[in-house]
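In what follows, a single structure is set out as structure tokens and then discussed.
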Protein chains: 2
Amino acid sequence: MNTPCYCAAIRSAARKTTALYDAALAPAGVNLAQYSLLRKIERLGPVSLTELASVAELDRSTVGRNVKVLERRRLVRFKSADDQREAAVGLTAAGAEALRRGEPLWNNAQRRIETTLGAEGAKRLRTLALAF
Amino acid sequence: MNTPCYCAAIRSAARKTTALYDAALAPAGVNLAQYSLLRKIERLGPVSLTELASVAELDRSTVGRNVKVLERRRLVRFKSADDQREAAVGLTAAGAEALRRGEPLWNNAQRRIETTLGAEGAKRLRTLALAF
DNA sequence: GCGACATGCGGGTATATACCCGACCCATGA
DNA sequence: TCATGGGTCGGGTATATACCCGCATGTCGC
């Protein structure tokens, strides 16, 4: 990876990191993107797709499609809100269970990154990520 | 973005950076992934998909599909190699032209990243990316 | 020369991601 | 009341990405 392109470098790092977390989370039956989304849904409680997209800094239609995958797997459920335009999404029991099973796996992945980068590197990564 | 997840942080940074470079490169008619791939094809000369995938650290089928998009736009062309299994890919005149037009745009994007991160931050980003 | 193995590729399937547009619902002002 | 505008969503389309499988071709040992 000696590309001088910052963007290509970040994308490469993102692909490799994602592969690492996906593999780590596989026993929980979710990948990193799904785990991440499930955690946000857990944290926010029943939440609209628009708000979820805003928090995740993703396009709303992307969130809609990603949530649909989770719904198909019965990890989340749509509830009707007062405002009928909204589609409040909440965790199912299976979704909460996936989070519970995923947590130690995610922790392992986090520790592996810290081992790879060292404490100082991990801190710098966090700082750099905040700059975007 | 105060996610404690290294992976989510990197992915978010990758999405935002990609959007920045995509917008910068739009006048050249390519996005960052395509520009990056075109540069590799230029550098390696007529090259097999397998080698391209190895250099780009992407799955071979991903490279095959991405190259197909470039071929449809007449930016690259398949040539027959000695080994009939191979599909040597080379730039067309239009592909070289896209690279030429993209270069200053890409430079602008690079400089914008350096402005955002500062010289020290940019150097750290480069160092971190190498760790993956 | 021929069979076993290796190499290179395409296609199928699935997900993640983005942009645009049209449909729908609700609040507010005329 | 009713039209208008803004918020919310789904769908269409395109790309990037990965894994697996099967086919074709090439190579090597015997």
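By convention in this document, chain letters (A, B, ...) are assigned in the order of the sequence lines, proteins followed by strands, and residues within each chain are numbered from 1. Below, each value reflects all heavy atoms present in this structure, side chains not excepted, and no hydrogens, waters or symmetry copies.
- Residue A:Ser36 forms a side-chain contact (heavy atoms from CB on, under 4.5 Å) with just one option from A:Gln34, A:Arg39, A:Lys40, and that option is A:Lys40.
- Contact check, B:Lys68 against C:dC9: no side-chain N or O comes under 4.0 Å of OP1 or OP2.
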B/S/- along nucleotides 16-25 of chain D (protein heavy atoms under 4.0 Å) is SBBB-----B
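- A single hydrophobic cluster is seen to contain both B:Leu44 and B:Val76, as judged by linkage of ILVMFWY side chains at heavy-atom distances under 4.5 Å, directly or through other members.
- Only one option out of B:Ile41, B:Leu91, B:Val67, B:Leu38 pairs with B:Leu75 in a side-chain contact (heavy atoms from CB on, under 4.5 Å); it is B:Leu38.
- By the 4.5 Å heavy-atom criterion applied to side chains, A:Arg15 and B:Leu58 are counted as neighbours.
- Between B:Arg73 and D:dA14 there is no side-chain polar atom (N or O) within less than 4.0 angstrom of OP1 or OP2.
- Judged by distance alone, with hydrogens and angles left aside, the side-chain atoms of A:Asp22 form a donor-acceptor pair with the main-chain N or O of A:Leu32 at under 3.5 Å.
- When rounded to the nearest whole Å, the span between CD of A:Glu51 and C1' of D:dC9 equals 15 Å.
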